[in-house]
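Notes follow once the structure below has been shown.
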Amino acid sequence: MSLGPFGVAIAVAFLLVGLAYLVGSGRGPRPGREVPPNLQPFLTDEDLETSRLNKTLTAALFSSAFLAIALPLYFLSESGRQADFTEMFEEEAVHVGELIFLEQSAENPEGFGCIACHGAEGVGGGVDFTEPRTGARVTWQAPPLNLVLYLFDESEVRYWLTWGRPRTRMPALGVEAGGPLNEQQLDFVIDYLESIQISQEEALSAVNGIVDAELASLEAAPAVIDGAIAAQTGELAAIISGPDRAQWAEDLEANLRQVLEGADSGPDRDLDGLSDDSEIQINRISELAFANVGTDATPATASAANRLIVQIDPGNPFSTSGQTGDAIPDQQAAEELLRELRAQIAALRPLAANNEVLLETAETALANLESTRAEERYAVDFNDLAERAFDGNLATAQRAYGLYSGYCGRCHTAGYSAGPVGALEPGSGGLGPSLRNGRSVVQFPDAEDHYEFVLNGSVNGQPYGVTGIGRGWMPGFGAILSEADLRLIVEFERSLQ
Ligand code: HEC
Ligand code: HEC
């Protein structure tokens, strides 16, 4: 449909009227309306552009420049600030972990005394332990912790901290196992352990020292066991004589008290309040005590024998102290002897009371030590080993044994951590399975798989070898032993019959 000329004329007329209205309404004040302030006449530009305006503009320029520079700078250092904060938190965590590692004391109520067993900064140490197999009192090695994170990953270390090592002195420390340390405290301890790890070069370069120490220890083993037998024999003698010595101590103590009660009657040449007669009697008591009460046999009373000697001269008011060797008045020497006898009574009473049990334990321990000495089960025939596994090379066979002992013995040789006194045949099995009777050849028919396993260790829940199921207890040694040394160890293990 088209509009036609008339329609077009009307449309144009409307358009013109509309435009005229728009133009008219934009212009000038209309009657009855106030003029808005921005349209009212004001100061001229000349009046406005004073020095005040310049100052204001300059100030605005500077503050914009400041913002333009400062904001990006602030933003740039933001990530650094977060890193600093994380670092501060980590330092604090390491510090709290260290407090847990140290001994408990008034200043350090957090302490759990790892240091007492594992040594300062985790270099390794030893702890008293009654070896269950032999009943012998031994020093059990607590492994170094300054390379533990090369052997185990964090979750595996956390496992040992939580659950400890049953049947050893390593306590279960995690709340989950009924211990005192919560998850966060365990984190702190692990942070501390991380902070004390030695460098990988250091760990690798310790190898020769470790091998030499193992070979020296093997050489010294008979002498060490002889020493242990002598100590155990002495302990046994002390236990056997315990009841008699307790009786002597009690009788002599009663005698001495009586003498001291009547000591001021009769002639007294040295005028010290002890009559000549009393002084002679005290000397006699001292001699009897020395001969019958004291013994160097038990460590607990080792130096006590000397303390029982009091020699009082009726012509001299001074005697020599049995305890310090100083000159002391006779009266004081007599009292020292009395105190010493009472200390002996206190020490000997339990020995007398539990005599049968103690005797049996000590006898078993001695018998075990003697059979260890006679059988020398820890010993290795290097010539035979060299022939069987190392092309007749004696030095290589010795190195292989040293490596195995130094790195694997503590978990794969029974009693290894007690030293020669407790160690059985290499590979006899401890925390880790026995490797004797060609066991590792059965588990790993291919030596390469055996090598891979020792390189990486076990993973909890993951099968290995032919029948193995890992618990994550077997460390991986790839980070701290060279390939050549690992291969020697594998060869050694595969030769165990
Ligand atoms: C009373 C002594 C004692 C105390 C205290 C002690 N440990 Fe132990 N710990 C041991 C002994 C011993 C072993 C090794 C047991 C064995 O022969 O298998 C051990 C093993 C470990 C292991 C396993 C390491 C490995 O290579 O096999 C870790 C990790 C460990 N301890 C950490 C700690 C920490 C951390 C503390 C303190 C919170 C601590 N221990 C307190 C004696 C102790
Ligand atoms: C901290 C203790 C520990 C040390 C140290 C250790 N092992 Fe083990 N090993 C184990 C345990 C435990 C197993 C069993 C696997 C598991 O429980 O995860 C095992 C398993 C093995 C097995 C497989 C045996 C089988 O028949 O299943 C071999 C082989 C082995 N270890 C070799 C070594 C060698 C080689 C070293 C030294 C370089 C070594 N181990 C050091 C604890 C240890």
Side-chain angles (χ1 to χ4, degrees), residues 116 127-132 134-140 169 227-263 274 278-312 319-326 328 330-370 418 421:
V127 53
D128 284 345
F129 185 61
T130 302
E131 222 251 323
T134 58
R137 271 215 305 268
V138 299
T139 302
W140 193 262
R169 297 274 318 264
I229 288 175
Q232 190 64 32
T233 307
E235 194 160 316
L236 190 63
I239 293 171
I240 291 171
S241 64
D244 286 348
R245 289 189 293 130
Q247 193 60 51
W248 271 105
E250 279 170 21
D251 292 351
L252 291 173
E253 192 262 355
N255 283 356
L256 183 55
R257 257 189 297 124
Q258 257 179 2
V259 171
L260 289 175
E261 272 158 26
L274 286 177
S278 303
E279 294 196 13
I280 290 165
Q281 285 189 55
I282 294 169
N283 272 336
R284 178 81 190 120
I285 290 171
S286 164
E287 273 164 32
L288 287 171
F290 179 69
N292 300 297
V293 178
T295 165
D296 275 344
T298 45
T301 56
S303 58
N306 302 325
R307 285 189 245 137
L308 289 164
I309 303 176
V310 167
Q311 277 163 325
I312 302 185
S319 316
T320 311
S321 162
Q323 288 182 1
T324 61
D326 297 337
I328 52 171
D330 290 351
Q331 185 87 40
Q332 207 176 314
E335 276 158 20
E336 213 174 72
L337 178 62
L338 188 66
R339 266 203 309 280
E340 195 52 51
L341 279 169
R342 288 180 177 159
Q344 291 290 331
I345 292 169
L348 289 169
R349 270 199 188 130
L351 212 55
N354 306 313
N355 205 252
E356 266 175 43
V357 181
L358 291 171
L359 207 59
E360 205 182 303
T361 315
E363 274 167 352
T364 314
L366 184 59
N368 278 318
L369 282 172
E370 278 167 346
V421 169

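Here the CD atom belonging to Glu253 is positioned 10.5 Å from the CD atom belonging to Gln258, to the nearest 0.5 angstrom. Taken from OG1 in Thr361 to CG in Leu236, the straight-line distance is 10.5 Å, to the nearest 0.5 Å. Residue Ile312 holds its CD1 atom at 8.0 Å from OG of Ser286, rounded to the nearest 0.5 Å. The CG atom of Asn255 lies 5.0 Å from the CD1 atom of Ile285; values are rounded to the nearest 0.5 Å.
Closest heavy-atom contact between Leu351 and Ala238: CD2-O, 3.7 Å. Shortest non-hydrogen contact noted between Ala246 and Ala352 is CB-CB, 4.3 Å. Between Ile282 and Ala334, the closest heavy-atom pair is CD1-CB, 3.8 Å. The minimum heavy-atom distance between Arg257 and Leu338, with the atom names listed, is CG-CD1, 4.1 Å. Scanning all heavy atoms of the two residues, the minimum distance from Ile239 to Asn355 falls at O-ND2, 2.8 Å. The two atoms that bring Val421 and Ala228 nearest to each other are CG2-CB, 3.9 Å, heavy atoms only.
Counting heavy atoms from C-beta on, the side chains of Leu288 and Val293 never come closer than 4.5 Å. In this structure, Asp128 and Arg137 have side chains that are not in contact, with every pair of non-hydrogen atoms separated by 4.5 Å or more.
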- Trace of the side chain to side chain contact (heavy atoms under 4.5 Å, CB included) decision for Leu337 with Leu252: CA-CA 10 Å; Leu337 178 62; Leu252 291 173; over 6 Å; no

(message) Determine whether Leu359 and Ile240 satisfy the following criterion, side chain to side chain contact (heavy atoms under 4.5 Å, CB included), listing intermediate values before the conclusion.
(response) CA-CA 7 Å; Leu359 207 59; Ile240 291 171; 3.4 Å; yes

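Judged by distance alone, with hydrogens and angles left aside, the side-chain atoms of Thr233 form a donor-acceptor pair with the main-chain N or O of Ile229 at under 3.5 Å. Side-chain atoms of Thr320 do not come within 3.5 Å of backbone N or O of Ile328 as any donor-acceptor pair. In this structure, the side chain of Gln232 engages the main chain of Ala362 through a donor-acceptor pair within 3.5 Å.
In summary, of the residues considered (Arg342, Arg349, Arg245), a side-chain hydrogen bond (donor to acceptor under 3.5 Å, both in side chains) with Glu250 occurs for Arg349 alone.
There is a side-chain donor-acceptor pair under 3.5 Å between Asp251 and Gln247.
Environment of CD in Glu370: crowded, with over 12 heavy atoms of neighbouring residues, nucleotides or ligands closer than 6.0 Å.
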